[in-house]
Engineer: 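Got a structure here, written out as structure tokens. Questions coming.
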Amino acid sequence: KGPSLAQLVQQVKHGARPPLSHVELLSIFRQLAEAVAALHEHKLSILHRDLKPANVLLAPPLRPMLIGLGLGLARAGTGEAASRYGRGPGTTAYMAPEQAASSPLDERADIFALGLIMHELVTGDCLGGKGPVPPWMGRRAWAPPPLSAIDRTFPRALENAILSCL
């Protein structure tokens, strides 16, 4: 297997590799979205609950593979199992607000984490920060920095797709 997305972000930050192209970012986003959708559409309707760059390995050529399913939660058809467990384990910087608040979970928690991962791949910075509380917690409205502010050539459709996850 290849490096994790977390390792790739660090390689780019330290100049060990060039940033991902827009085409590469779109490919990774599409493949990750398909993998997450496959978990959610599985007959057990699985929530990952710990999507983060360290839990995505890259097989050549830039084929993302989800790992870290140890926290995955198989939900009953009604979603009751997910509601029962609430926040539980996970990585705070990549948790959806409802997950961090121990509220009932559904697929949107994983989709939020997917948006955070993609934003980090573009910017090199974790939107969740390094502190114990991500900036979106306790706020009625929160807007992530636009990707086009960092890269004026960033495709608007890809930016909208990533930001719509958040």
Side-chain angles (χ1 to χ4, degrees), residues 1-14 16-76 79 81-132 134 136-137 144 147 158 161-166:
K1 315 290 183 217
S4 70
L5 288 183
Q7 291 168 318
L8 184 134
V9 167
Q10 290 306 308
Q11 290 170 353
V12 170
K13 275 184 147 181
H14 294 101
R17 71 155 284 142
L20 294 169
S21 71
H22 299 152
V23 171
E24 291 170 325
L25 287 164
L26 176 60
S27 176
I28 290 171
F29 184 46
R30 181 188 56 77
Q31 292 176 75
L32 278 177
E34 288 173 355
V36 170
L39 285 176
H40 296 166
E41 293 169 0
H42 186 274
K43 66 181 178 179
L44 295 176
S45 189
I46 298 170
L47 296 179
H48 190 288
R49 295 192 317 156
D50 197 26
L51 284 175
K52 59 185 176 183
N55 280 342
V56 179
L57 296 181
L58 288 174
L62 292 181
R63 188 172 53 90
M65 299 182 313
L66 296 179
I67 63 169
L69 284 166
L71 299 180
L73 177 63
R75 298 182 314 128
S83 300
R84 221 176 330 136
Y85 292 98
R87 176 175 176 246
T91 304
T92 305
Y94 297 94
M95 284 184 182
E98 59 273 19
Q99 185 176 4
S102 299
S103 297
L105 301 179
D106 61 22
E107 293 83 359
R108 292 173 292 184
D110 285 346
I111 293 168
F112 186 83
L114 174 60
L116 293 173
I117 290 169
M118 292 307 303
H119 201 283
E120 185 169 342
L121 282 178
V122 175
T123 65
D125 294 319
C126 173
L127 284 175
K130 298 191 186 301
W136 51 84
M137 289 306 300
L147 299 169
L158 181 54
I162 292 170
L163 296 179
S164 72
C165 294
L166 304 171

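Heavy atoms only: backbone and side chains are in, while hydrogens, waters and symmetry mates are out.
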Engineer: Would a 4.5 Å heavy-atom cut-off, applied to side chains only, mark Pro53 and Glu120 as touching?
Structural biologist: yes

Engineer: Starting at CD1 of Ile28, measure out to CD1 of Ile117 and round the result to the nearest 0.5 Å.
Structural biologist: 11.0 Å

Engineer: Check whether Trp136 reaches the backbone of Pro144 with its side chain - one donor and one acceptor, N or O, closer than 3.5 Å.
Structural biologist: no

Engineer: On a heavy-atom basis, which atom in Lys52 and which in Tyr94 lie closest, and how many Å separate them?
Structural biologist: CB-CD1, 3.6 Å

Engineer: Do Ile162 and Leu25 pass the side-chain contact (heavy atoms from CB on, under 4.5 Å) test, and can you show the C-alpha distance, the side-chain angles, and the key distance before you say yes or no?
Structural biologist: CA-CA 10 Å; Ile162 292 170; Leu25 287 164; over 6 Å; no

Engineer: Locate the shortest heavy-atom distance separating Leu20 from Arg17; write the atom from each residue and the value.
Structural biologist: CD2-NH2, 3.5 Å

Engineer: Does the side-chain contact (heavy atoms from CB on, under 4.5 Å) test come out yes or no for Val56 and Leu66, once each step is laid out?
Structural biologist: CA-CA 5 Å; Val56 179; Leu66 296 179; 4.0 Å; yes

Engineer: To the nearest 0.5 Å, tell me how far Arg63 CZ sits from Leu57 CG.
Structural biologist: 10.5 Å

Engineer: Can you tell me how far CD1 of Ile111 sits from NE2 of His40, rounded to the nearest 0.5 angstrom?
Structural biologist: 6.0 Å

Engineer: Check Gln7 against Pro3 and note the closest heavy-atom contact, atom names and distance.
Structural biologist: OE1-CA, 3.1 Å

Engineer: Considering residues at least two apart in sequence or located in another chain, which fulfil the salt bridge (charged side-chain N to carboxylate O under 4.0 Å, His left out) criterion with Arg108?
Structural biologist: Asp106

Engineer: Any sub-3.5 Å donor-acceptor pair from Ser164's side-chain atoms to Ala161's backbone N or O?
Structural biologist: yes

Engineer: Hey, mind stepping through Phe29 and Leu121 against side-chain contact (heavy atoms from CB on, under 4.5 Å) and telling me if it holds?
Structural biologist: CA-CA 10 Å; Phe29 184 46; Leu121 282 178; over 6 Å; no

Engineer: Taking the side chain as every heavy atom from C-beta outward, state whether Leu116 and Leu166 have any atom pair closer than 4.5 Å.
Structural biologist: yes

Engineer: Kindly indicate whether the side chain of Thr92, heavy atoms from C-beta on, has any atom under 4.5 Å from the side chain of Pro134.
Structural biologist: yes

Engineer: Going from CG on Leu51 to CG on Leu114, what distance comes out if it is rounded to the nearest 0.5 angstrom?
Structural biologist: 7.0 Å

Engineer: Determine, stepwise, if the pair Leu47 / Glu107 fulfils side-chain contact (heavy atoms from CB on, under 4.5 Å).
Structural biologist: CA-CA 6 Å; Leu47 296 179; Glu107 293 83 359; 4.2 Å; yes

Engineer: For Glu98 and Ala109, which heavy atoms make the closest approach, and how far apart are they?
Structural biologist: OE2-N, 3.9 Å

Engineer: Gly129 and Ala93: which non-hydrogen atoms are nearest, and at how many Å?
Structural biologist: O-CB, 3.8 Å

Engineer: How far does CG of Asp110 sit from CG of Leu32, to the nearest 0.5 angstrom?
Structural biologist: 11.5 Å

Engineer: Taking atom CG of Leu163 and atom NE2 of His119, what is their separation to the nearest 0.5 Å?
Structural biologist: 6.0 Å

Engineer: Which atom names give the shortest non-hydrogen contact between Pro64 and Gln31, and what distance separates them?
Structural biologist: CD-OE1, 3.3 Å

